[in-house]
Amino acid sequence: MDKEKMGKAIVITSGKGGVGKTTTSANLGAGLAMMGKTVALVDADIGLRNLDVVVGLENRIVYDIIDVAEKRCKLKQALIKDKRWDGLFLLPAAQTRDKSALSPDQMKEIIDSLKRRYDFVIIDSPAGIEQGFKYSIAGADEAIIVTTPEISAVRDADRVIGLLEASELPSPKIIINRVRVDMVKRGDMMSTEDILDVLAIDLIGTIPDDESVVVSTNRGEPVVSDDRSIPGRSYLNIVKRLLGEDVPMEDVEKQTESKFVKIFKILFGK
Amino acid sequence: MDLLKYFKKRENSKNVAKERLKLVLVHDRSDMSPHLLEMMKADIIKVISKYAEVEESEIDIKIAKSSDREKKSSSELIASIPIIKAIK
């Protein structure tokens, strides 16, 4: 890697819990690796680690980020190399400690080290706006906020946008996750336009709610690698946009399969 | 009235959500709780009443999103107070 060119560190955050930060981190990481980039995935949710499980590397953890921070091992020893995608590495969180174990300065040092070695560093931030959030944004160059179309998630996203602006992370982008196209059509769920109207932020992608995401987590196989999965394709589009490609936003109304196609697939098998 | 309830259910819930969200965000962003706003309202009416007779039932004081994006703050206090006549 070119010594002069540093990698880019992106923090995936939300405020609200359970909106899809970890799933998004795993899929953006795997997607970037699929496109030939080198990626370090960092699980910053100390005490409640999950990025390992979603990516499917949970049984290969030897050292974690706190071991690195407290100098019990070298960074290289803690990074787990994914066997499916060349260039994808995971730095797991500690499970038996909590968020008081890591300071923003320690995190910045680790992220800077990773930026020197990888094209992208994806930081999976925990929910909340306290210590976990604070050290997660330390060392990040950009931020992506994940929200769902629900009132509480959007409210929390607004709060986080304010905090990010105050800490000089320029122009965060937003991903709207778990869009239920049927509910949007019925007027029972806020649309992309509604959400962007309320939050003054740039959209980087929308992900429809789909069973394939649950199944992929069950298997530990990020859905971005499944080209038959609509969320998988949506994640890949976001990856392409991150790489500078001008991919037009999906028309959410057209995103889910019609019931007819679903029945056809069941009758004749995929 | 039952009929009214029926019509209420018909309104798109996402529009209700959007309006509630807008209001909640205005309060969140300005760090002004509705309670604080009520107290401020009462004080404002008191002060204005020293100088003019006001139509209390028509008073509308609220915090809204700033219409001018260039302004530093994102919220504005908008007070609409009908004045009947000055108190001399």
Side-chain angles (χ1 to χ4, degrees), chain A residues 13-16 19 127-130 133 145-168 171-172 174 176-203 206 208-209 252-253, chain B residues 1-45 58-82:
Chain A
T13 188
S14 66
K16 189 89 176 62
V19 297
I129 52 173
E130 306 81 19
F133 172 78
I145 296 179
V146 180
T147 188
T148 64
E150 285 146 307
I151 195 172
S152 21
V154 178
R155 184 194 193 170
D156 286 2
D158 186 73
R159 180 92 166 90
V160 169
I161 292 169
L163 291 172
L164 289 171
E165 281 170 0
S167 56
E168 292 167 12
S171 331
I174 199 162
I176 304 174
N177 193 21
R178 296 224 191 87
V179 178
R180 294 270 313 263
V181 178
D182 49 341
M183 291 184 72
V184 172
K185 282 190 188 158
R186 255 188 277 142
D188 276 333
M189 179 174 271
M190 286 188 281
S191 66
T192 301
E193 287 70 37
D194 290 327
I195 296 168
L196 295 180
D197 189 24
V198 158
L199 304 171
I201 188 173
D202 289 330
L203 180 72
T206 63
D209 194 34
V252 153
E253 308 246 318
Chain B
M1 270 187 69
D2 272 358
L3 201 63
L4 232 57
K5 239 199 229 171
Y6 179 72
F7 278 115
K8 251 201 181 158
K9 264 194 196 149
R10 280 305 186 83
E11 193 202 338
N12 281 345
S13 69
K14 73 111 171 186
N15 286 334
V16 177
K18 194 176 177 186
E19 289 316 303
R20 292 175 63 216
L21 188 53
K22 278 181 173 170
L23 197 60
V24 134
L25 288 183
V26 164
H27 285 289
D28 281 356
R29 286 166 182 165
S30 65
D31 200 13
M32 182 159 277
S33 69
H35 175 65
L36 200 67
L37 186 61
E38 284 308 305
M39 298 203 306
M40 199 164 66
K41 241 171 144 168
D43 281 351
I44 291 174
I45 295 172
E58 309 267 294
I59 291 176
D60 181 29
I61 298 178
K62 64 178 184 213
I63 297 205
K65 209 169 169 182
S66 181
S67 44
D68 186 349
R69 287 244 155 167
E70 296 294 304
K71 288 215 183 98
K72 242 190 170 177
S73 80
S74 57
S75 315
E76 288 178 337
L77 178 73
I78 299 179
S80 170
I81 303 172

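Chain letters run A, B, ... following the sequence lines, proteins first and then strands; every chain starts at 1.
- Within the 4.5 angstrom heavy-atom criterion, only backbone atoms of Arg186(A) (N, CA, C, O) approach chain B.
- Shown here for Leu77(B) and Ile44(B), the closest heavy-atom pair between the two residues is CD2-CD1, 4.1 Å.
- The distance from the CG atom of Leu203(A) to the CD1 atom of Ile195(A) is 9.0 Å, given to the nearest 0.5 Å.
- Note that the OG atom of Ser191(A) and the NZ atom of Lys18(B) stand 6.5 Å from one another [nearest 0.5 Å].
- Looking only at side-chain heavy atoms (C-beta outward), Lys16(A) and Thr147(A) stay at 4.5 Å or farther from each other.
- With rounding to the nearest 0.5 Å, the separation of CG in Leu21(B) from CG in Asp194(A) is 9.5 Å.
- With a 4.5 angstrom heavy-atom cutoff, Met190(A) touches chain B via backbone and side-chain atoms both.
- When the heavy atoms of residues 150-158 of chain A are compared with those of chain B, the residues falling under 4.5 Å are Ile151(A), Val154(A), Arg155(A), Asp158(A), listed by number.
- Screening Val19(A), Ile161(A), Ile176(A) for a side-chain contact (heavy atoms from CB on, under 4.5 Å) involving Ile145(A) leaves a single residue, Ile161(A).
- Annotation: the span from Asp209(A) atom CG to Asn177(A) atom CG amounts to 7.5 Å, rounded to 0.5 Å.
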